[in-house]
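Small disclaimer: the values here were computed from a predicted structure and weren't measured. All chains are named by letter (A, B, ...) in the order of the sequence lines, taking the proteins before the strands, and each is independently numbered beginning at 1.
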Amino acid sequence: MTTPDAATPSNFISTIIKEDIKANKNNGQVVTRFPPEPNGYLHIGHAKSICLNFGLAKDFDGRCHLRFDDTNPSKEEVEYINSIKQDVAWLGFEWGEHLYFASDYFGQLYDYAVELIKRGKAYVCDLDAAKIREYRGTLTEPGKNSPYRDRSVEDSLDLFVRMRDGEFEDGSRVLRAKIDMASGNLNMRDPVLYRISKVAHHRTGDDWCIYPMYDFAHGLSDSIEGITHSICTLEFEDHRPLYDWFLDELEVDCHPQQIEFARLNLSYMVMSKRKLLQLVNGGFMSGWDDPRMPTISGLRRRGYTPESIRNFCERIGVAKRDSVVDIALLEFSIREDLNKRAPRVMGVLNPIKVVIENYPEDLVEELDAINNPEDPGAGTRKIPFSRELYIEKEDFMEDPPKKFFRLAPGREIRLRYGYFITCKDVVKDDSTGEIIELRCSYDPATRGGNSPDGRKVKATLHWVSATHAINAEVRLYDNLFTVENPALQKDGADFKECLNPNSLKVLTSCKLEPSLAGATPGSLFQFERLGYFCVDPVDSNNKSPVFNRTVTLRDTWARIQKGKKK
RNA sequence: UGGGGGAUGGUCUAAUGGCAAGACAGCAGACUCUGACUCUGCCUAUCGGGGUUCGAAUCCCUGUCCCCCAGCCA
């Protein structure tokens with residue numbers, strides 16, 4: 001046994017496993033699995049499960065299988081299998097040789113079904129879907145036995161073979177377990193094991209026209225693979241008696257333990273595959289990898305790192321109560337990671353021109369800038385300074401309030417790594433009154449940003465040289481929804497009604513320092529004083545670079561303003 | 001009104017009969033060539049009512065509230 005390292009917080013599942021190991025259950029072995037259905041893209045909620053399952057295997061010196069739960073070919077596609085594999089690997093987990101598909105077990109599962117019939121524990125039922133529903137009863141009333149329930153073993157066997165051989169139409173018959181139509185647990189009211197579906201399977205082709213249901217396939221697949229701890233989400237809690245029933249009735253050697261935990265919810269986000277699919281299909285998102293999506297591919301495109309997601313999953317913990325994690329915690333995790341690793345650069349999102357009147361017309365100076373103060377090894381770079389610059393529009397106010405430290409008429413500030421400049425004049429558009437240019441002077445003695453006489457300035461601003469800057473598109477992202485829990489809408493309102501109309505803002509005339517020319521797609525930067533940005537891996541190219549804002553920097557000034565408005 | 005679960009600061013998670021802890025958020029301050037980072041301090045919690053016990057978030061009784069289940073989806 002390996003003791004989990006101190007960094008891995010304990011949770012009720014690792015506690016159970018520790019006790020199992022102590023009792024030498026499963027010979028002290030730990031085998032988990034991550035079992036996605038290939039019917040959609042993985043999201044941050046799956047990441048929680050992936051980190052849990054692979055993390056537990058690692059902590060206890062076991063292994064974790066990647067198994068596709070592909071028992072419903074009408075909803076599943078190879079595209080999803082590939083994206084899921086990519087996402088799990090990108091998150092940093094290795095399944096090695098342990099890649100499996102429930103469809104690999106179709107033959108064995110079929111044999112198990114036959115065995116169940118032989119044991120008098122399953123029967124072919126001719127009721128249609130509506131009748132089965134009717135016979136099932138309700139939450140408060142018991143169900144009724146199907147008229148086919150007492151069909152002989154021979155008849156059921158014969159019918160089941162003929163189901164497999166394609167003799168019957170879709171929906172005309174099913175194989176059901178014979179359990180208890182009066183059970184308070186609806187899952188035990190003779191659940192369906194196999195249905196007829198003459199649909200080609202993405203892996204087994206036309207080999208089968210009957211497919212096993214989740215409850216039947218899942219536990220047995222776990223058993224076949226020698227899983228010790230089958231970890232799933234809370235809604236499967238009342239499936240557990242059924243999970244155990246199949247394994248007990250078939251007297252298999254390996255009987256994994258199902259343990260349930262609460263799925264992840266994030267504030268200002270929806271997490272259900274169904275809802276995410278609606279956003280994609282309804283054209284609300286550019287795709288599954290839209291940077292506003294909580295999908296792994298969306299987060300990756302947004303600029304999230306695998307490590308930040310893993311840290312996040314560790315911090316949120318694992319428990320059984322329903323919860324909604326503040327999205328601020330996710331943002332904290334990526335800021336924390338990027339602060340350490342992202343090179344600093346300067347870029348102006350909403351440019352306003354600054355002319356340094358006493359700076360020589362054709363002089364260009366190369367100034368030294370630190371690439372990452374958190375990482376001395378990252379070195380320095382040169383940035384050009386010239387007479388005409390751009391600064392951020394919101395870094396200037398003609399009539400500044402008390403706590404505004406930035407540039408204003410007559411005020412001196414520092415241009416980062418540049419010079420102290422003082423605003424001398426404001427040029428406005430005659431017709432609109434809009435400020436179009438600031439006329440400033442600079443102090444040549446402050447080159448590099450230090451004043452020899454020791455005088456202080458209240459602010460340091462980012463800037464770029466007008467003639468040297470490259471143009472770029474920058475996409476600013478905000479919460480996808482305007483309310484904390486969009487899934488919990490009153491009066492049956494659609495969750496899409498609280499989509500944030502400002503979740504994406506595209507800025508097309510941004511000016512970036514020249515070192516950013518040709519930046520690698522996917523690479524990450526801190527735009528000083530603004531936030532972390534990543535080169536969009538899809539839409540960016542050398543001619544027209546596109547940057548996604550991963551997350552803003554913590555912004556005290558914004559909070560002061562917000563507090564004032566109240 | 002059947003069955004299965006769950007209630008610890010604003011949020012998430014620990015404490016398994018012995019000082020209610022950590023992270024995020026928030027507030028105040030220090031530092032600062034990023035109003036960032038970092039550092040310091042503060043605010044805020046055991047669902048209610050009984051009981052057992054020297055001692056209860058934890059055990060017992062009782063009540064309340066929340067979530068899940070009536071797919072031939074997973």
**Message:** So, taking the atom named CG in Leu186(A) and the one named CG in Asp238(A), what distance separates them when rounded to the nearest 0.5 Å?
**Reply:**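 If I round to the nearest 0.5 Å, the distance is 9.0 Å.
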[N] pairs with which nucleotide, Watson-Crick or G-U wobble, both distances below 3.5 Å?
| N | result |
| --- | --- |
| A30(B) | U38(B) |
| C72(B) | none |
| A14(B) | none |
| U58(B) | none |

Between [N] and [M], how far is it from one [atom1] atom to the other, in whole Å?
| N | M | atom1 | value |
| --- | --- | --- | --- |
| U13(B) | C72(B) | C1' | 40 Å |
| A28(B) | A21(B) | P | 25 Å |
| C73(B) | G22(B) | C1' | 40 Å |
| G9(B) | G4(B) | C1' | 30 Å |
| U11(B) | A45(B) | P | 12 Å |
| G5(B) | U44(B) | P | 37 Å |
| G51(B) | A15(B) | P | 29 Å |
| G26(B) | C59(B) | C1' | 37 Å |

Phosphate OP1/OP2 of [N] contacted by [X] side-chain N/O (<4.0 Å):
| X | N | value |
| --- | --- | --- |
| Thr138(A) | G2(B) | no |
| Arg554(A) | C37(B) | yes |
| Arg195(A) | C73(B) | yes |
| Arg240(A) | G4(B) | no |
| Thr71(A) | A74(B) | yes |
| Arg189(A) | G2(B) | no |
| Arg559(A) | G26(B) | yes |
| Arg136(A) | G71(B) | yes |

Measuring from the side chain of [X] (C-beta onward, heavy atoms only), which nucleotide among [options] has the closest atom?
| X | options | value |
| --- | --- | --- |
| Asp238(A) | C24(B), G3(B), C73(B) | G3(B) |
| Asn72(A) | C73(B), A70(B), G35(B) | C73(B) |
| Thr460(A) | U34(B), G5(B), A74(B) | U34(B) |
| Ala319(A) | A70(B), U34(B), U13(B) | U13(B) |
| Arg321(A) | G6(B), G35(B), C12(B) | G6(B) |
| His239(A) | A74(B), G2(B), C24(B) | A74(B) |
| Asn185(A) | G3(B), G71(B), A14(B) | G3(B) |
| Lys320(A) | U34(B), A74(B), G5(B) | G5(B) |
| Ala129(A) | G35(B), C72(B), C12(B) | C72(B) |
| Thr556(A) | C73(B), A36(B), C72(B) | A36(B) |

**Asked** Relative to the ring of Tyr100(A), is the ring of His65(A) parallel (under 30°), tilted (30 to 60°) or perpendicular (over 60°)?
**Response**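 Taking Tyr100(A) first and then His65(A), their aromatic rings sit tilted (interplane angle of 30° to 60°).
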Touch check for [X], heavy atoms < 4.0 angstrom, all strands: base, sugar-phosphate only, or nothing?
| X | value |
| --- | --- |
| Phe236(A) | base |
| Met346(A) | nothing |
| Val174(A) | base |
| Leu139(A) | base |
| Asp215(A) | nothing |
| Leu415(A) | nothing |
| Phe216(A) | nothing |
| Tyr211(A) | nothing |

**Request:** If the glycosidic angle is within 90 degrees of 0 it's syn, otherwise anti, so just tell me which one G71(B) is.
**Result:**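 Syn conformation for G71(B).
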**Asked** Do you know which two heavy atoms are closest between Leu516(A) and Val345(A), and how far apart they sit?
**Response**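 Smallest heavy-atom distance, with atoms named: CD2-CG2, 3.7 Å.
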**Prompt:** Pick the nucleotide of RNA chain B nearest each of Leu234(A) and Asp128(A); which residue has the one closer to the 5' end?
**Reply:**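 Closest to the 5' end, via its nearest nucleotide, is Leu234(A).
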**Asked** Does Asp322(A) or Arg414(A) map to a spot on RNA chain B nearer the 5' end, using the closest nucleotide for each?
**Response**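 Closest to the 5' end, via its nearest nucleotide, is Arg414(A).
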**Item:** Salt bridge flag under 4.0 Å for residues Glu365(A) and Arg447(A)
**Value:**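 Looking at Glu365(A) and Arg447(A), the cut-off is met.
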**Prompt:** Is it true that the NZ or CZ of Arg203(A) lies under 6.0 Å from the centre of Phe101(A)'s six-membered ring and within 45 degrees of the ring axis?
**Reply:**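 Cation-pi check for Arg203(A) and Phe101(A): passes.
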**Item:** Partner of His462(A) under side-chain hydrogen bond (donor to acceptor under 3.5 Å, both in side chains), chosen from Arg344(A), Glu528(A), Glu392(A)
**Value:**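 That would be Glu392(A).
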**Message:** Would the base of U13(B) count as contacting Arg315(A) through its side chain, where contact means a donor and an acceptor less than 3.5 Å apart?
**Reply:**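 No such pair is found, so the answer is no.
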**Message:** When you measure only distances, ignoring hydrogens and angles, does the side chain of Gln526(A) come within 3.5 Å of the base of U34(B) through a donor and an acceptor?
**Reply:**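 Side chain to base: pair present.
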**Request:** Tell me whether the centres of the aromatic rings in Trp463(A) and Phe385(A) are closer together than 6.0 Å.
**Result:**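 Here the rings of Phe385(A) and Trp463(A) have centres that are less than 6.0 Å from each other.
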**Pairs satisfying side chain to side chain donor-acceptor pair (under 3.5 Å), at least one member in residues 264-273 of chain A, at least two apart** =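 Found Asn39(A)-Lys273(A).
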**Request:** For Tyr214(A) and A74(B), say yes or no: do the ring centres fall under 5.5 Å of each other while the ring planes differ by less than 30°?
**Result:**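 Per 5.5 Å and 30° rule: no stacking.
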**Asked** Any chance the side chains of Asn53(A) and Ser49(A) put a donor and an acceptor closer than 3.5 Å?
**Response**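 Yes, side-chain donor-acceptor contact under 3.5 Å.
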